[in-house]
**Student:** 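Please read through the structure below; I'll follow up with questions.
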Amino acid sequence: MSDTRHPEEWQGIQEQMQQWRRDLHRLPELGLYVPETSLYVQSVLGELGVPFHTLLDGNAVVGLIEGAGPGKCIALRADMDGLPVRKETGLPFASTNGNMHACGHDGHMAMLLGAAAWLVTHRESFTGSIKLLFQPAEESPGGAKPMIEAGCLENPHVDAVFGLHAGAISTELPEETVGFRSGPLMAAVDKLQIVVQGKGGHAAYPQTTVDPITLAAELVLALQTLVSREKSPFDPLVLSITCINGGRGMNVIPDSVELLGTVRTMNPETRVWLARRIREVSEQLAASRGAAVEIKHDFIYPALFNDKSLTALAMAAARKVLGEQRVYELTEPVMGGEDFAFLAEAVPGVYAFQYSMASTDGEIYPHHTSRFDIDEASFSEGARLHVQVALDFLGAVDA
Ligand code: NI
């Protein structure tokens, strides 16, 4: 009888996961180039006896655990990349390469390896197969899409995909819970660059110039009115101008000013509409001042939508692992982005948030900061959740 709740069986795996996380925490790598991380994951899979192959020049790893007979296939995904944040947690296993696992992806890898450790010794308890997706570049520029293009959802064809984010991605999520939401969960991410092209000159004679600074200031405020005056407050939409570059001296009006920012939406139509309106407003406002704009609007990640029936299945699985009280239904999506969205666009998917923050010097610090830390004690529950979702999806007879 295979029971994922056997505490003694998970105790050993918990200790291993802690060690894997600490080893991975020491070597955070960035973006699509994560060679040491990938080799580490490959070596653990090798020790566990899980067959795997690599994609993206060795920077992505796909493991496959086949059950007792033919059946469906579910993919479990962990992201692998760190961030260019200089670490200040003072942990004994802190990284020394100037980067940091400041979003908990080291924990994601450890938990998926832990799930693999359990699954590979219980192949008799399920039919079908479980694919393990170790993906680089979640933070930027995105690894899920190139992995899909490289065939990670085929051979065997993946029927569903599950992912779990550690830490505290949603501020709504109570401590000690795992949060789910059917439908939209995370926002589409766009990158916006606007170059305002004016005509520079002496600051004492502005009438001889086309001042891009005053125009850029007008533009920052005008773009906010697209959010506040042209769209329903019930259609989630965030536009943030985060960077203004222009000018070098107090008595010189520059030729141009560059604005950078990001746009977050849930509704794909709103996304397209906003890109069009940003262009129209910017071009018309610039033209009215005798200036011009160059706009680059990049659609980076789509919005992440959780499949309804898969969400129900995953929530039921979570109740088995955590108990009724610790499974939380999120009332709101979050405006952060996540390239798991590409996987959930290609096949039915469900992504969940596990609350697992640890304090540094008595305080909890948010994701992407130099004192962020996750609670290693949560790993066995996270790994068991991966396992239970997979078993329930495959219709395991004996779990
Ligand atoms: Ni993250």
Side-chain angles (χ1 to χ4, degrees), residues 17 20-21 24-25 27-34 37-38 41 59-61 75-87 89 95 99-113 132-147 161-173 178-181 184-189 191 262 264 300-304 306 330 333-344 349-358 360 364-376 378-379 382-383 385-386:
M17 286 191 286
W20 295 331
R21 183 262 170 157
L24 288 162
H25 196 78
L27 44 100
E29 296 174 293
L30 305 182
L32 285 162
Y33 189 66
V34 294
T37 308
S38 175
V41 167
N59 293 292
V61 187
L76 308 173
R77 178 269 210 169
D79 40 11
M80 305 162 88
D81 53 324
L83 285 155
V85 172
R86 211 163 270 278
K87 193 163 183 60
T89 52
S95 63
N99 301 322
M100 177 183 170
H101 267 297
C103 198
H105 300 185
D106 49 346
H108 298 173
M109 289 183 277
M111 288 190 280
L112 190 52
L113 290 169
L132 313 168
L133 303 179
F134 292 91
Q135 179 219 300
E138 184 281 318
E139 303 287 355
S140 172
K145 194 164 181 245
M147 279 182 77
V161 60
F162 172 71
L164 185 64
H165 206 303
I169 295 290
S170 166
T171 51
E172 184 194 334
L173 191 65
V178 174
F180 293 87
R181 187 172 199 276
L185 180 72
M186 297 183 80
V189 179
K191 182 181 171 191
T262 186
R264 306 296 169 109
I300 311 280
Y301 299 162
L304 194 167
N306 280 333
L330 296 158
V334 300
M335 297 312 278
E338 166 58 77
D339 76 342
F340 184 89
F342 285 112
L343 296 162
V350 57
Y351 198 65
F353 300 147
Q354 178 188 29
Y355 185 95
S356 56
M357 295 299 288
T360 300
I364 298 284
Y365 291 92
H367 288 256
H368 295 207
T369 65
S370 59
R371 292 189 165 97
F372 170 82
D373 196 16
I374 51 171
D375 180 12
E376 293 175 335
S378 69
F379 288 174
L385 184 54
H386 274 290

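First listed ligand is number 1; within each ligand, the first listed atom is number 1. Here, residue 1 is the first one in the sequence, and each next residue gets the next number.
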**Student:** Does the distance from a Lys or Arg side-chain N to an Asp or Glu carboxylate O, for D375 and R21, drop under 4.0 Å?
**Tutor:** no
**Student:** Got a sec, which residues hit ring-ring contact (aromatic ring centres under 6.0 Å, His included) with F379, two or more places apart in sequence or on another chain?
**Tutor:** none
**Student:** Looking only at heavy atoms, which two atoms of T369 and A102 are closest? And how far apart?
**Tutor:** O-CB, 3.8 Å
**Student:** Could you pull out all residues at least two apart from H108 that satisfy ring-ring contact (aromatic ring centres under 6.0 Å, His included)?
**Tutor:** H105, H165
**Student:** Who are the side chain to side chain contact (heavy atoms under 4.5 Å, CB included) partners of A75, not counting sequence neighbours?
**Tutor:** K131, L133, V158, V161
**Student:** Restricting to distances shorter than 2.8 Å, give the number of protein N, O or S atoms close to the Ni ion (ligand 1).
**Tutor:** 3
**Student:** Is a salt bridge present between R77 and E338, judged by a nitrogen-to-oxygen distance below 4.0 Å?
**Tutor:** yes
